[in-house]
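Structure first, commentary second.
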Amino acid sequence: MKIVSRNEELLRDALSCIPQPSSRTSLASCNRLIRFEDISAAAFKIQCGVQKTPCMYSRLSKQYGMDIYLKKEFLQYTGSVKERGVLYLLMSLPQEQQRKGVIVASDSNFSMAVAHHASELRVPVFVILCTSTAPARVRMCRDYGAMVISYGTTARDSQVHARRLAQENGYLYLEEEDSAVYLSGLGTVGLEMYEQVPKLDAVIFPAGGHCGLLAGSAAALKHLNPHISVIGVESESFPVLQQSLKAGHPNDDQACNNHHFYGDVSGVCFGSNSLQLTGKLVDKVVAVREEDILISMLRLLEYERATVDAEGAIGLAALVAGKLPELKGKRVAVVICSGNLELHLLQQCIARALTLDNRVCRFSLVISDCPGDMSKLLEILAREEARVLDIKQERTFVTSELFTVEVICTVETRDKIHTAQLRNALLERYPTAAWTER
């Protein structure tokens, strides 16, 4: 029985046939209506290949004054929600194309999902990566079962080479786009959340240029309950989605100079279908600062024991930054969609987040270079219960009087109030103490 509702009419209005360039060797087809039945069919077809991830009540709820439920999509095998769309896309390919194989050319979550699920389906898969790709990403793609080829010094070089190999060998060149099949697979997240958390008031998704998850899930949620508020979150540094919605077409002008941190949310807007669906079905799109994302990553690590990247933390960042005061006292679900953070970035992000959260601070002061003066400073720090992380003494390049030493100290405190108490105690004893601003 066909289910037709007002929301399907919105979907029908939102989607139109987008002709594909003739030179494109990726999945080229005219995108049709995304119906609720398509999302349901995708959920049934991929249920044995992806995890039905938990949507759990969070300990952060009390801190932010609302019932927060976290949809932990970073628990997928490759650490990303992209597996849902990729698996449905691969399972929908003709058998002849599955026999020939597929090829991708990036180190994104999308490519890792393709590498894993193509291997599981016994579809030949090739990943072309530029020589500057992080070794950990190269190793992961190989571990997932792909044939990895390093080519060129830029992403553009590897993409051109992948397209050439696709034409010569009959592979299907895949890149993340907003085909009906891919969006239907991603939309299964919204379907699951509706089943897992009753009486939802709002759902928060990562947005940015790659807004397929937001668009597909909004289609499912708005069909099931039009009163659920669907909210997208992107970075203030490159508000691609907001500018594209304002212009009425995908905006390719925004560029991100920190791709390694932001990951897939830093891309340009990749399709008119996702954009039009978002404009019709999404209630609000907000932008957050990089600082808010870092603190969100810290909160998830401390309260949920979840190590996520910027894409995974950006949804919660809207609550951390106080961008959605209208959700106070309501039942809110947040999608934590990705956990693929490189180790060296993890260390930098946590260190920076602790500083932003006023829990690591640095100060300098000048004391006399006499026995006992350093111990007096340490006594003050011990009395104020500050944990010393690092302490340095500078004697040679001190500009003050002779026989003095400049002490530069980094300490850890409990919170902003504790930091203020420590600062007051030090200024009382050392009036010239200088604090390094964040």
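In terms of heavy-atom proximity, Phe205 sits nearest to Val189 at CE2-CG1, 4.4 Å. Ala218 and Val282 get closest at one heavy-atom pair: CB-CG2, 4.2 Å. When all heavy atoms of Ile39 and Ala219 are compared, the closest pair comes out as CD1-CB, 4.0 Å. When every heavy atom of Val125 is checked against every heavy atom of Ala118, the shortest pair comes out as CB-CB, 3.7 Å. Closest heavy-atom contact between Leu200 and Ile228: O-CG1, 3.6 Å. In terms of heavy-atom proximity, Val114 sits nearest to Leu90 at O-CD1, 4.2 Å.
Summarising the geometry, atom NZ belonging to Lys72 is positioned 9.5 Å from atom SG belonging to Cys55; distances are rounded to the nearest 0.5 Å. Going from atom CG of Leu87 over to atom NZ of Lys82 covers 15.0 Å, rounded to the nearest 0.5 Å. Between the CD1 atom in Ile68 and the OG atom in Ser61 there is a gap of 5.0 Å [rounded to 0.5 Å]. Atoms CG and CG, on Leu377 and Leu426 in that order, are 6.5 Å from each other to the nearest 0.5 Å. In this structure, OG on Ser338 lies 10.5 Å from CD on Glu73, to the nearest 0.5 angstrom. Of the inter-residue distances, the one linking Leu221 atom CG with Phe36 atom CZ reads 9.5 Å to the nearest 0.5 angstrom.
Panel note: side chain Ser111, backbone Asp107; no donor-acceptor pair is recorded below 3.5 Å. When atom types are taken as modelled, the side chain of Asp283 and the backbone of Val230 share a donor-acceptor pair closer than 3.5 angstrom. Checking side-chain atoms of Asp309 against main-chain N and O of Asn340 turns up a donor-acceptor pair under 3.5 Å. In this structure, the side chain of Lys222 does not engage the main chain of Ser229 through any donor-acceptor pair within 3.5 Å. Under a 3.5 Å cut-off, the side chain of Asp201 and the backbone N or O of Lys330 do not form any donor-acceptor pair. For Ser296 (side chain) and Ala313 (main-chain N/O), a donor-acceptor pair under 3.5 Å exists by modelled atom type. At distances below 3.5 Å, at least one donor-acceptor pair connects side-chain atoms of Asp157 with backbone N or O atoms of Thr153. Side-chain N or O atoms of Thr355 include one that pairs as donor or acceptor with a backbone N or O of Ala351 at under 3.5 Å. Put simply, the side chain of Thr278 gets close to the backbone of Ser274: a donor and an acceptor are under 3.5 Å apart.
Sorted by first and then second residue, the salt bridge (Lys or Arg N to Asp or Glu O under 4.0 Å) pairs involving residues 228-243 (not counting sequence neighbours) are Glu236-Lys323. For the side-chain hydrogen bond (donor to acceptor under 3.5 Å, both in side chains) condition, the pairs that include at least one residue of residues 415-434, sequence neighbours left out, are Thr413-Thr419. Pairs engaging residues 42-54 under the salt bridge (Lys or Arg N to Asp or Glu O under 4.0 Å) rule: Lys52-Glu195 [sequence neighbours left out]. Screening residues 370-386 for salt bridge (Lys or Arg N to Asp or Glu O under 4.0 Å) gives Glu385-Arg414 as the qualifying pairs, with residues at least two apart or on separate chains. Contacts classified as salt bridge (Lys or Arg N to Asp or Glu O under 4.0 Å) and involving residues 126-142 (residues at least two apart or in different chains) are given here: Arg137-Glu342.
Inspection of the Tyr69 and Gln196 side chains reveals no N or O donor paired with an N or O acceptor under 3.5 Å. A donor-acceptor pair shorter than 3.5 Å cannot be found between the side chains of Glu83 and His116. A side-chain donor from one of Ser58 and Glu304 sits under 3.5 Å from a side-chain acceptor of the other.
Heavy atoms of other residues, nucleotides or ligands lying less than 6.0 angstrom from CD of Gln51 number 12 at most. No more than 12 heavy atoms of other residues, nucleotides or ligands lie within 6.0 Å of CE in Met147, so this atom counts as exposed by the packing criterion. Heavy atoms of other residues, nucleotides or ligands lying less than 6.0 angstrom from OH of Tyr77 number 12 at most. Within a 6.0 Å sphere centred on CZ of Arg164, heavy atoms belonging to other residues, nucleotides or ligands number more than 12.
Contact check for Leu183 versus Leu277: side-chain heavy atoms found under the 4.5 Å cut-off. Using a 4.5 Å cut-off on side-chain heavy atoms (C-beta onward), Val197 and Asp67 make no contact. When side chains are defined from C-beta on, Met297 counts as touching Leu294, because their heavy atoms get closer than 4.5 Å. A 4.5 Å side-chain heavy-atom check between Pro135 and Val138 finds every atom pair outside the cut-off. Side-chain contact between Asn109 and Glu176 is absent, with no heavy atoms from C-beta onward closer than 4.5 Å. For the pair Leu275 and Cys211, the minimum side-chain heavy-atom distance is 4.5 Å or more.
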Go through the steps to decide whether Thr78 and Val86 satisfy the test side chain to side chain contact (heavy atoms under 4.5 Å, CB included), and finish with yes or no. CA-CA 12 Å; Thr78 64; Val86 164; over 6 Å; no
Go through the steps to decide whether Leu422 and Leu381 satisfy the test side chain to side chain contact (heavy atoms under 4.5 Å, CB included), and finish with yes or no. CA-CA 8 Å; Leu422 173 64; Leu381 296 177; 3.8 Å; yes
Side chain to side chain contact (heavy atoms under 4.5 Å, CB included) assessment of Leu298 paired with Leu356: CA-CA 10 Å; Leu298 179 63; Leu356 292 168; over 6 Å; no
Before you tell me yes or no, could you show the steps for Phe126 and Leu165 under side chain to side chain contact (heavy atoms under 4.5 Å, CB included), namely the whole-Å CA-CA distance, both residues' side-chain angles and the distance that decides it to 0.1 Å? CA-CA 10 Å; Phe126 302 87; Leu165 290 176; over 6 Å; no
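In this structure, the side chain to side chain donor-acceptor pair (under 3.5 Å) partners of Arg362, at least two apart in sequence or on a different chain, are Thr410.
Classification of the Tyr182-Phe110 ring pair by plane angle, with boundaries at 30° and 60°, yields perpendicular.
Salt-bridge annotation for Glu192 and Arg84: present, with a side-chain N of the basic residue lying under 4.0 Å from a carboxylate O of the acidic one.
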